[in-house]
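Written out below as structure tokens is the structure these notes cover.
Everything numeric here is computed off the predicted structure, so don't read it as measured data.
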Amino acid sequence: EQARAAEHARDQLRAAQAQKKELVKKLAFLDEQMEANESRLKQLKMSRRRLADQLSSLSSASAHSASIQKEFDEDQEAIVLIEREQGALEASYVKLYAELEILDESVPT
């Protein structure tokens with residue numbers, strides 16, 4: 001009876017040792033995975049930070065570009081208006097100059 005109990009205890013000890021060995025393997029594997037994940041996470045965070053900086057730069061550049069584009073468009077509109085006004089002024093000038101010539105011919109100074 002004692003021999004059977006001792007054999008059973010040894011069997012349980014071997015099973016527990018095998019289970020412990022398997023758990024150590026699993027823990028080592030998980031530790032490797034966690035280290036790899038931490039490394040990848042660090043890379044991703046650096047990449048995210050870099051991309052956020054780029055996005056911020058692009059947003060800033062885009063906002064600046066939009067501001068420049070708006071200013072360009074406003075200047076273009078002003079140019080068109082001034083050119084129209086200039087055309088009207090030139091037409092008025094020609095008309096007034098013609099009237100002055102007529103007056104000069106008819107009215108002595």
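Within a 6.0 Å radius of CD in Q43, more than 12 heavy atoms belonging to other residues, nucleotides or ligands are found.
Atom CD1 of I68 is separated from atom CG of D75 by 11.5 Å, given to the nearest 0.5 angstrom. In this structure, CD in Q19 is found 8.5 Å from NZ in K26, a value given to the nearest 0.5 Å. Rounding to the nearest 0.5 Å places CZ of F72 at 7.5 Å from CD1 of I79. We find the CG-CG distance between L27 and D31 to be 8.5 Å, quoted to the nearest 0.5 Å. With values rounded to the nearest 0.5 angstrom, Q76 atom CD is found 10.5 Å from L81 atom CG.
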Item to check | Trace of the side-chain contact (heavy atoms from CB on, under 4.5 Å) decision for Q86 with L89 | outcome: CA-CA 5 Å; Q86 187 68 15; L89 289 172; 4.3 Å; yes
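Salt-bridge formation is detected for the pair R14/E7: a Lys NZ or Arg NE/NH1/NH2 atom is positioned less than 4.0 Å from an Asp or Glu carboxylate oxygen. Salt-bridge check for K42 with E38: failed, with every basic side-chain N at 4.0 Å or more from each acidic carboxylate O.
Taking 4.5 Å as the limit, some side-chain heavy atom of R84 sits within range of a side-chain heavy atom of V80. Looking only at side-chain heavy atoms (C-beta outward), K21 and Q17 stay at 4.5 Å or farther from each other.
With 3.5 Å as the limit, one finds no donor-acceptor pair spanning the side chains of N37 and Q33.
Between the side chain of S39 and the backbone N or O of E35, no donor-acceptor pair lies under 3.5 Å.
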